[in-house]
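All remarks here apply to the structure that follows.
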Number of protein chains: 2
Amino acid sequence: MLRWAISDIRSVSAGHATIREGEELSHAIVLLQGFMCRHKDLSEGRRQITEIHIPGDFVDLHGFTLKKLSDSVTTLTSCRIGIVPHERLLRITETHPHLTRLLWFTTNLDAAIHREWVLSLGRRPAIERLAHLFCELHFRLTLVGHAPPETPFPLPLTQADLADCLGLTSVHVNRVLQELRDSGAVEFRKREVTIRDLGALRALAEFDPAYLHPERRPR
Amino acid sequence: MLRWAISDIRSVSAGHATIREGEELSHAIVLLQGFMCRHKDLSEGRRQITEIHIPGDFVDLHGFTLKKLSDSVTTLTSCRIGIVPHERLLRITETHPHLTRLLWFTTNLDAAIHREWVLSLGRRPAIERLAHLFCELHFRLTLVGHAPPETPFPLPLTQADLADCLGLTSVHVNRVLQELRDSGAVEFRKREVTIRDLGALRALAEFDPAYLHPERRPR
DNA sequence: CGTGCCCTTGAGTACAATCAACGTTCGTGG
DNA sequence: CCACGAACGTTGATTGTACTCAAGGGCACG
């Protein structure tokens, strides 16, 4: 059913600004392969990433009702994306209430992730922020089968990207990453995360996956 | 139509935890009068407010698809709230696609506000965060006719509440508030905001109301 | 085998936190 | 009506987390 909604599949290269803030949208994008991020930019090069997208995510489904985004979407790696015309989404809302609620659910999930990030940025110190981000991505990747348990999983972000997720500088991320490595909880090297002690990592981050609503996911 | 969805109207006193994290929901709440906030809590009393709700807001519409919230909702003042059973929302999604998209839109608006907060918390210094929050609330209150232009408008938060919105301590909020007052842009006293120079305030905050999508609001 | 991107380290600084005390306002009950 | 207590706001002194600036190293890719 959702497969039917995809009108086209495309490849996009890494570092490509797929959607720019303020653009008028006529279709939505499902990420099929690769990593993307949503971000907002301020003067003087200040940049804040608002979400990391992994395969399976709709990256701009909220654009179906908003029509214009107030943030941008950029590829972190080369990606394969599915194009879903708003017109087909409109038809789904007219004829498939259940599917509509499912789509609505996925945007609400994004919002729940945003709120967790607000909490991190507002109230967690740098080391907990990093730990929490690793927990979140590990959990989400596991849900879609992209993080084999107990092995390193790919996370194609630079330390500067991590800094833009966490409201830090890359210099500080570098130091905190070393702290995490020394603590034995988790390592991040060459765009790969190796979790050494998941329990310790989650405890440090006060990570509770409930906000990701794994029990209500389709498929 | 939305009026019909409300099964009951209730009064709630100030400081009342209306919804607690993890509760199973069977109805949604529209705020008719008063102020509420959504927040998440961490160990050792750390608290982060994730959104301020004003009259007209659905405070937990995302709970319709998520069923369990990962945050709590608390009244800031005494409030009048409308109860909207999920069962009626379900019926709306089955029979009124347009209205469904409208409800979906409002939850996407919440997410857009969350993203702006992520940006503030991650990349704006304290004074800009405060300025931006005042801009946001002024703009939203104006949209629903609760902030007469050019006069003080009520904002029933303590400095500690502001701190919990902005990821600061109340001590620091106090100092930054004085700075803002001295700058001539805005004053906050006795739970009232007086904007002295809206242009300067918005410039300081780099406030662009586009993310609030005023053009797509119903009513 | 350079050139650019990313990571690492060091030294000095600043913004915001903590700790602590005191002031103000307001509601309540004696 | 005044006395008291609680909640909120203000101020000062000190500390610490994270930033800035700066320089150097590793590595991949052309």
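Within every chain, numbering begins at 1; the chains are lettered A, B, ... in the order of the sequence lines, protein sequences first and strands thereafter. Hydrogens, waters and symmetry mates are skipped; everything else that's a heavy atom, side chains included, is used.
Remark: the backbone N or O of Arg129(B) is not paired with any side-chain donor or acceptor of Arg124(B) at under 3.5 angstrom. Side-chain N or O atoms of Thr75(B) include none that pairs as donor or acceptor with a backbone N or O of Ser78(B) at under 3.5 Å. Under the 3.5 Å distance criterion, the side-chain polar atoms of Thr50(B) are matched with a main-chain donor or acceptor of Arg38(B). Side chain of Arg115(B) to backbone of Tyr211(B): no donor-acceptor contact under 3.5 angstrom is found. Side chain of Asp57(B) to main chain of Val59(B): no donor-acceptor pair is present (N/O by atom type, distance under 3.5 Å, no hydrogens or angles).
Comparing the axis of the opening five pairs of the helix from dC1(C)-dG30(D) to dG30(C)-dC1(D) with that of the closing five pairs yields an angle of 40°, rounded to 10°.
Residue pairs meeting the salt bridge (charged side-chain N to carboxylate O under 4.0 Å, His left out) criterion with at least one member in residues 204-214 of chain A, sequence neighbours excluded: Glu206(A)-Arg46(B).
Using a cut-off of 4.0 Å between Lys/Arg side-chain N and Asp/Glu carboxylate O, Asp164(A) and Arg123(B) are scored as salt-bridged.
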TODO: For nucleotides 5-20 of chain D, just jot down a letter per nucleotide in 5' to 3' order: B, S or -, based on protein non-hydrogen atoms under 4.0 Å.
DONE: ---SSBBBB----BSB

Side-chain polar contacts of residues 16-32 of chain A - donor-acceptor pairs under 3.5 angstrom, sequence neighbours left out - could you list them?
{"unit_1": "Thr18(A)", "atom_1": "OG1", "unit_2": "His16(A)", "atom_2": "O", "d": "3.3"}
{"unit_1": "Glu23(A)", "atom_1": "OE1", "unit_2": "Arg20(A)", "atom_2": "N", "d": "2.8"}

I'd like a table of donor-acceptor pairs (distance under 3.5 Å, sequence neighbours excluded) in which one partner is a side-chain atom from residues 173-184 of chain B, with atom names and distances.
{"unit_1": "Asn174(B)", "atom_1": "OD1", "unit_2": "Gln178(B)", "atom_2": "NE2", "d": "2.6"}
{"unit_1": "Asn174(B)", "atom_1": "ND2", "unit_2": "Gln159(B)", "atom_2": "OE1", "d": "3.0"}
{"unit_1": "Ser183(B)", "atom_1": "OG", "unit_2": "Leu180(B)", "atom_2": "O", "d": "2.7"}
{"unit_1": "Ser183(B)", "atom_1": "OG", "unit_2": "Ala185(B)", "atom_2": "N", "d": "3.3"}

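In this model, no donor atom of one side chain and acceptor atom of the other lie less than 3.5 Å apart for His213(A) and Lys67(B).
Along DNA chain C, read 5' to 3', the first and last nucleotides having any atom under 4.0 Å from a heavy atom of chain A are dC6(C) to dA11(C).
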